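A quick note: this is a predicted structure, and the numbers were derived from the prediction, not measured. Numbering of ligands and ligand atoms starts at 1, following listing order.
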Amino acid sequence: MPSGTSQSHDSAPLHVSGRAQYCDDIALPANALHAAFGLSRVAHGRVTSLDLAAVMESPGVAAIALPADIPGENNYGGAVHDDPIFADGLVQYAGQPLFAVAATSMRAARRAAQRAKIVIEPLPAILDIRAALAAESFVLPSHTMRRGDPRARLREAPRRLTTTVVIGGQDHFYLEGHIAVAVPQEDGAMLVHSSTQHPTEVQNIVAHALKEPANRIVVQCRRMGGGFGGKESQAALIAAAAAVLARKSGRPVKLRLDRDADMLMTGKRHDFIADCEAGFDDDGRLLALSVMLASRCGYSADLSGPVNDRAMFHVDNAYFLENVEITSHRCKTHTVSNTAFRGFGGPQGMMVIEALLDDIARTLGRDPLDIRRINLYGLGERNVTHYGQIVKGNLLPGIVDKLEHSSDYRRRREAVSRWNAAHPIIKRGLALTPVKFGISFTSTLFNQAGALLQVYTDGTVLLNHGGTEMGQGLHVKVAQVVATELGLPLSAIRITATDTSKVPNTSATAASSGSDLNGKAAQAAAVTIRQRLVDLACDTYGVAPRDVRFADGQVQIGEERQPFAALARAAHEARVPLSATGFYRTPDINWNKQTQSGVPFYYFAYGAAVAEVAVDTLTGESQLLRVDILHDVGRSLNPAIDLGQIEGGFLQGVGWLTSEELYWDGAGELRTHAPSTYKIPTARDWPAAARVELLPAAPNAVDSIYRSKAVGEPPLMLALSVFHAIRDACAACGPRGCLPHLPSPATPETVLRLIDA
Ligand code: MTE
Ligand code: HPA
Ligand code: MOS
């Protein structure tokens with residue numbers, strides 16, 4: 001059966017040979033134009049003069065777009081309409097687009113954009129979280145989640161500690177930056193090729209900007225060169241600007257951001273600050289917790305509401321919080337509007353509890369693993385989350401046990417202690433951290449998907465669904481599902497570009513739910529077609545439905561055996577339709593934002609990692625020596641792809657927590673906007689010793705597609721083990737029981753500062 005087996009990514013040969021077509025590779029008509037944005041360099045201010053005469057006169061320039069050139073709404077915000085395509089009078093971050101220009105070449109457009117004479121009268125700018133909290137500057141109302149009586153329990157607790165957890169942001173650094181191509185159609189409609197995780201939202205925003213009905217806008221995406229959440233909402237800005245220029249010029253327009261513009265203009269992972277107070281007993285059991293969680297959202301709401309909600313949902317990570325109060329502030333700052341990024345607030349929430357448990361362990365002079373263990377969600381007791389969802393199918397205790405043994409944690413703990421006693425300069429650290437991640441969009445409505453399946457009379461299949469491919473292997477997984485249902489080899493299924501004219505009203509490919517949702521929708525379509533073929537076979541051969549079986553490209557009908565293609569041809573001759581749609585909505589979930597009650601997640605994905613690091617106390621540099629990972633993907637749809645997601649997600653998390661530092665200067669300009677100053681992990685950062693395993697024999701307890709589990713985001717949070725291993729090494733530099741209050745990212749400078757202190 002194709003499903004459940006390791007199959008390479010459908011585009012792997014194209015990826016490695018450079019033949020995979022990305023938006024930038026689409027052949028353009030001869031009259032096509034190339035566009036560039038003109039950006040503000042001021043964080044907050046009023047535009048007093050915008051002189052574009054030199055831009056217009058620059059060689060090759062064909063059109064300029066300003067707010068007045070937008071026929072419809074000057075907005076690309078999906079939920080809250082507070083995101084202008086072009087700033088109109090008021091600029092709210094350095095990097096905000098003021099206009100766009102289209103010219104005969106990319107270089108001509110970029111050169112022209114530089115020639116604008118922009119005068120901005122500065123206004124006071126709020127640049128960071130503390131400043132926003134002090135000014136009560138928020139993009140959305142604050143929220144509190146409470147369970148039990150945290151205040152009273154904190155007062156009574158035998159032990160207490162307070163701490164502040166500082167969590168950095170992260171640039172997506174997808175290899176392919178943002179890009180869109182808008183091609184005017186004969187009747188004034190618009191075809192848009194967009195590198196987007198959310199073609200439907202791009203369609204709607206382009207429609208609103210152009211003041212056209214949705215049925216006149218078609219958005220296609222064959223693949224992205226990475227999205228990581230960065231193309232969930234903000235791809236719409238690039239597509240809308242390209243469409244406005246295409247409408248104005250009457251010519252196709254390609255708008256591709258270079259790396260600097262991409263990093264300056266588009267949102268990142270939210271950085272957070274958490275002020276916490278924890279009450280606990282002498283065994284290290286948490287009794288009460290109070291957390292003030294604040295994030296830098298930037299100038300607009302974008303996805304900050306659900307990101308911060310997910311952070312609140314994940315403050316528990318894997319632990320039972322009996323008495324807890326979490327207040328979440330969504331800070332408005334004059335910086336780029338932060339957005340979705342793999343984990344979507346979850347990683348930041350989990351950083352808080354992991355730091356607290358680590359502090360508690362060190363306060364008590366215990367191994368942090370022991371403290372993590374006694375606070376884990378239980379089986380049948382201590383198993384209700386702070387938002388009231390029961391943790392069913394809890395795999396945490398089993399995973400932690402297994403990994404503790406397979407990684408040889410206890411013996412290595414002793415070895416690390418011995419090493420540290422003997423070595424004054426290179427210190428080692430070890431940490432095991434678990435992951436529990438809720439699967440489903442927390443807005444229930446997004447948990448739906450559609451598919452369109454077409455069978456041709458030669459027995460080949462064309463598959464389309466609402467999900468987008470960003471390298472995660474969604475398309476091959478969904479094709480495996482269809483091949484399995486129709487008993488066909490994987491090679492008989494062709495995957496095509498995601499297209500709003502084939503499957504309408506789709507959700508973003510996000511929340512790790514791409515294969516859960518689209519796999520089920522495609523399965524439904526395949527089952528519909530298969531049922532029609534079974535009915536035909538029964539009629540024709542007088543057999544019972546159970547005597548018709550599809551396997552290996554053949555159909556067994558009673559004693560008869562024929563190729564699938566023969567039955568498809570017979571169906572056509574009998575005038576049986578060979579195309580079908582499929583639809584899926586996740587059952588059993590409901591979350592009421594107003595009353596803060598219900599079941600937001602269909603299930604949880606689990607995992608754990610053990611990391612060992614070496615820290616050079618003279619330079620602050622750290623090296624990941626070894627990692628052991630045990631991760632739950634249910635019954636894997638494709639073990640090879642899943643392992644790739646785990647390894648990639650983990651290393652992306654390591655980058656977030658150790659090397660990727662975003663630096664804004666005092667005027668609010670981002671100074672780290674290229675790989676020269678912003679360091680993502682490379683192949684050399686992969687540890688010499690890595691043992692990555694899928695948790696065996698763990699079918700999902702709920703009816704997900706073939707009992708698999710989502711894998712896209714959860715592994716990123718396995719990287720918390722590396723951060724805590726570095727903390728552990730830092731702790732070894734100080735007196736016994738010292739609390740290594742390490743902010744993230746744990747760059748060499750940060751580590752050195754902490755050790756010196
Ligand atoms: N893997 C690759 N190679 N590229 C990506 O952009 N995005 C991640 C994850 N894995 C991403 C990736 C994010 S943020 C999500 S939500 C999921 O993939 C989305 O895809 P899925 O739902 O099909 O897993
Ligand atoms: N995760 C990812 N993306 C989203 C979500 C979510 O929970 N909600 C809206 N967009
Ligand atoms: Mo992923 S952050 O949900 O696109």
Side-chain angles (χ1 to χ4, degrees), residues 9 11-12 15 78-79 170 172-176 195-198 200-201 221 223-235 267-270 301-314 338-349 437-447 449 465-478 498 506-519 586 589 591 593 600-602 605 633 637-638 641-653 656 704-705 708-717:
H9 194 289
S11 297
H15 289 155
Q170 185 178 24
H172 302 85
F173 224 103
Y174 21 58
L175 290 184
E176 176 209 38
S195 182
T196 175
Q197 293 172 240
H198 203 344
T200 287
E201 188 162 287
C221 177
R223 61 171 65 78
M224 285 161 273
F228 306 113
K231 295 171 182 172
E232 178 171 343
S233 61
Q234 302 194 2
K268 300 159 204 323
R269 183 189 293 287
H270 295 63
D302 186 83
L303 291 164
S304 292
V307 165
N308 284 276
D309 289 347
R310 189 171 276 272
M312 296 173 84
F313 284 125
H314 285 79
N338 285 331
T339 192
F341 195 137
R342 206 170 193 170
F344 204 77
Q348 295 96 316
F437 192 76
I439 303 301
S440 292
F441 288 93
T442 53
S443 305
T444 304
L445 112 94
F446 295 139
N447 295 288
H465 59 81
T468 55
E469 178 63 48
M470 55 194 103
Q472 84 277 41
L474 172 62
H475 283 348
V476 69
K477 285 183 174 177
V478 179
T498 314
T506 57
S507 294
T509 307
S512 303
S513 59
S515 51
D516 283 20
L517 299 175
N518 296 286
T586 311
I589 48 168
W591 176 251
K593 244 191 278 186
F601 303 119
Y602 190 35
V633 294
L637 290 174
N638 185 327
I641 294 281
D642 286 351
L643 280 170
Q645 284 292 294
I646 294 167
E647 293 176 355
F650 167 74
L651 199 62
Q652 192 168 38
W656 167 49
S704 58
I705 182 73
S708 64
K709 282 192 182 181
V711 69
E713 295 166 287
L716 182 129
M717 288 150 269

Residue, atom name and distance, where the atom is the protein heavy atom closest to [atom]:
atom: atom 8 (C) of ligand 1; result: R342 NE, 3.8 Å
atom: atom 17 (C) of ligand 1; result: G712 CA, 4.0 Å
atom: atom 22 (O) of ligand 1; result: G514 N, 2.7 Å
atom: atom 1 (Mo) of ligand 3; result: E713 OE2, 3.6 Å
atom: atom 2 (S) of ligand 3; result: R342 N, 3.1 Å
atom: atom 20 (O) of ligand 1; result: Q472 NE2, 3.0 Å

Backbone or side chain, does any N or O of [X] fall under 3.5 Å from an N or O of ligand 1?
X: E713; value: no
X: M470; value: yes
X: G227; value: yes
X: F228; value: yes
X: T509; value: no

At less than 4.0 angstrom from any non-hydrogen atom of [X], what atoms of ligand 1 do you find?
X: G229; value: 14 (S)
X: A511; value: 16 (S)
X: G226; value: 6 (O)
X: G471; value: 2 (C), 3 (N)
X: A510; value: 16 (S)

Can you check whether [Y]'s main-chain N or O pairs, donor with acceptor, with [X]'s side chain at less than 3.5 Å?
X: S512; Y: E713; result: yes
X: R342; Y: G712; result: yes
X: H465; Y: N518; result: no
X: T442; Y: P600; result: no

| said: Checking side-chain polar atoms at under 3.5 Å, does S704 have a donor or acceptor matched by the opposite partner on D516? | reply: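 Looking only at side-chain atoms, D516 and S704 do not form any donor-acceptor pair under 3.5 Å.
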| query | Has ligand 3 got any nitrogen or oxygen that is less than 3.5 angstrom from a nitrogen or oxygen of A511? | reply |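 There is such a contact, yes.
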| task | Ignoring angles and geometry beyond distance, decide whether Q197 reaches within less than 3.5 Å of ligand 3 through its nitrogen or oxygen atoms. | result |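 By distance alone, the answer is yes.
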What are the two closest heavy atoms between [X] and [Y], and how far apart are they?
X: M470; Y: F228; answer: SD-N, 4.2 Å
X: S513; Y: A510; answer: OG-O, 2.9 Å
X: R269; Y: W656; answer: CD-NE1, 3.4 Å

Pull out every atom of ligand 3 sitting under 4.0 Å from any heavy atom of [X], numbered as shown with elements.
X: A510; result: 3 (O), 4 (O)
X: F341; result: 2 (S)
X: G229; result: 2 (S), 4 (O)

So do the side chains of [X] and [Y] get within less than 4.5 Å of each other, counting heavy atoms only?
X: E201; Y: S233; value: yes
X: T498; Y: E469; value: no
X: F341; Y: K268; value: no
X: T586; Y: F441; value: no
X: Q472; Y: T509; value: yes
X: I646; Y: V711; value: yes

| Nearest-0.5 Å distance, CG of residue N447 to CD1 of residue I589 |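 Here the interatomic distance stands at 3.5 Å.
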| Rounded to the nearest 0.5 Å, how far apart are CG of N308 and CZ of F344? |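 Reported to 0.5 Å precision, the distance equals 9.5 Å.
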Where does [X] meet ligand 1, judged by heavy-atom distances below 4.0 Å: at the side chain, the backbone, both, or neither?
X: Q197; answer: neither
X: A340; answer: neither
X: Q645; answer: side chain
X: A710; answer: neither

| query | Below 4.0 angstrom, N of the basic side chain to O of the carboxylate: do D642 and K709 qualify? | reply |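 Not counted as a salt bridge, because no side-chain N and carboxylate O are separated by less than 4.0 Å.
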| task | Would you check whether S513 reaches within less than 4.0 Å of ligand 1, judged by its heavy atoms? | result |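 Flag set, S513 near ligand 1.
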Would you tabulate the polar-atom pairs, meaning N/O of ligand 2 against N/O of the protein, with distances under 3.5 Å, reported to 0.1 Å?
| residue | atom | partner | partner atom | Å |
| --- | --- | --- | --- | --- |
| ligand 2 | 3 (N) | E232 | OE1 | 3.1 |
| ligand 2 | 3 (N) | E232 | OE2 | 3.1 |
| ligand 2 | 7 (O) | R310 | NE | 3.4 |
| ligand 2 | 7 (O) | R310 | NH2 | 3.3 |
| ligand 2 | 10 (N) | E232 | OE2 | 2.6 |

| Should M224 and T468 be marked as a side chain to side chain contact (heavy atoms under 4.5 Å, CB included) after you check the CA-CA gap, both sets of side-chain angles, and the distance that decides it? | CA-CA 8 Å; M224 285 161 273; T468 55; 3.3 Å; yes
| query | Taking only residues two or more places apart in sequence or in another chain, which ones pass salt bridge (charged side-chain N to carboxylate O under 4.0 Å, His left out) with D309? | reply |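 Once residues adjacent in sequence are excluded, the partners of D309 under the salt bridge (charged side-chain N to carboxylate O under 4.0 Å, His left out) criterion are R330.
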